[in-house]
Amino acid sequence: MKITIAIILCILASVLSFIQLQGQMAWKFPKDNPYIMMLLGLPISIIFINTTRLFNEQFEANWPGRLIGFGVGIIIFTIMSWVIFREHPTPKTITCLVLAFGIVAIQIFGK
């Protein structure tokens with residue numbers, strides 16, 4: 001159950017981070033209000049801190065959670081870039097996505 005909650009929190013934090021950092025290129029509000037967008041960093045950090053704690057409790061190690069977070073971040077970034085900016089994945093990006101899914105799968109299902 002911890003791993004499920006951690007992954008959901010990781011997805012949420014990755015989505016919010018994307019909006020915070022890339023939103024200025026998509027919408028007027030983030031571009032015109034950088035200090036408000038900066039304040040999003042506080043709740044995003046709290047989510048990432050809790051995600052890290054849950055992963056560490058689940059795996060009793062630092063690396064699995066870090067690698068899952070990296071993989072999830074790559075997957076979310078690609079999806080949101082595609083949906084918001086209409087940036088279609090290139091073969092290079094697709095290769096990285098396959099690797100990201102592999103990293104996440106190895107950490108979750110590998111023994």
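Note that these values count all heavy atoms, side chains included, but never hydrogens, waters or copies made by symmetry. In what follows, residues are counted from 1 in the order of the sequence shown. Because the structure is predicted, anything quoted here is derived from the model rather than measured.
Under the side-chain contact (heavy atoms from CB on, under 4.5 Å) criterion, Ile5 pairs with Met1, Leu9, Leu54, not counting sequence neighbours. Every side chain to side chain donor-acceptor pair (under 3.5 Å) that Lys2 has, sequence neighbours left out, goes to Glu57. Residues forming a side chain to side chain donor-acceptor pair (under 3.5 Å) with Thr90 (at least two apart in sequence, or on another chain): Thr93. Applying the ring pair (Phe, Tyr, Trp, His ring centres under 6.0 Å) criterion to Phe59, with sequence neighbours excluded, gives no partner residue. Residues satisfying the side chain to side chain donor-acceptor pair (under 3.5 Å) criterion with Lys28, sequence neighbours excluded, are Asp32. Remark: Met25 pairs with Gln22, Phe85 by the side-chain contact (heavy atoms from CB on, under 4.5 Å) rule, at least two apart or across chains. Legend: residues meeting side-chain contact (heavy atoms from CB on, under 4.5 Å) with Pro43, ordered by chain and number and at least two apart, are absent. Scanning for side-chain contact (heavy atoms from CB on, under 4.5 Å) contacts around Ile106 gives an empty result, with sequence neighbours left out.
Atom CH2 of Trp27 is surrounded by more than 12 heavy atoms from other residues, nucleotides or ligands within 6.0 Å.
Grouping the Ile, Leu, Val, Met, Phe, Trp and Tyr side chains by contacts below 4.5 angstrom, directly or via other members, places Leu42 apart from Phe48. Residues Val83 and Leu97 share a single hydrophobic cluster, defined by chaining ILVMFWY side chains whose heavy atoms lie under 4.5 Å apart. One hydrophobic cluster, built from ILVMFWY side chains closer than 4.5 Å, cannot hold both Phe29 and Leu21; they sit in different ones.
Expressed to the nearest 0.5 Å, how far CD1 of Ile94 lies from NZ of Lys92 amounts to 12.5 Å.
Sorted by first and then second residue, the side-chain hydrogen bond (donor to acceptor under 3.5 Å, both in side chains) pairs with a member in residues 39-52 read Asn50-Arg53; sequence neighbours excluded. Applying the salt bridge (Lys or Arg N to Asp or Glu O under 4.0 Å) test to every pair with at least one member in residues 76-90, sequence neighbours left out, gives no pairs at all.
One N or O on the side chain of Gln20 and one on the backbone of Met37 form a donor-acceptor pair closer than 3.5 Å.
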If you look only at distance, which donor and acceptor atoms sit under 3.5 Å apart when one is on a side chain in residues 62-79 and the other is two or more places apart or in another chain?
{"from": "Asn62", "atom 1": "OD1", "to": "Asn56", "atom 2": "ND2", "distance (Å)": "3.0"}
{"from": "Thr78", "atom 1": "OG1", "to": "Ile74", "atom 2": "O", "distance (Å)": "2.9"}

Tell me which donor-acceptor pairs under 3.5 Å the side chains of residues 10-17 have, and how far apart each pair is, sequence neighbours excluded?
{"from": "Ser14", "atom 1": "OG", "to": "Cys10", "atom 2": "O", "distance (Å)": "2.9"}
{"from": "Ser17", "atom 1": "OG", "to": "Ala13", "atom 2": "O", "distance (Å)": "2.9"}

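Ile19 and Met80 make their closest contact through CG1-CE, 4.1 Å (heavy atoms, listed as atom of the first residue, atom of the second, distance).
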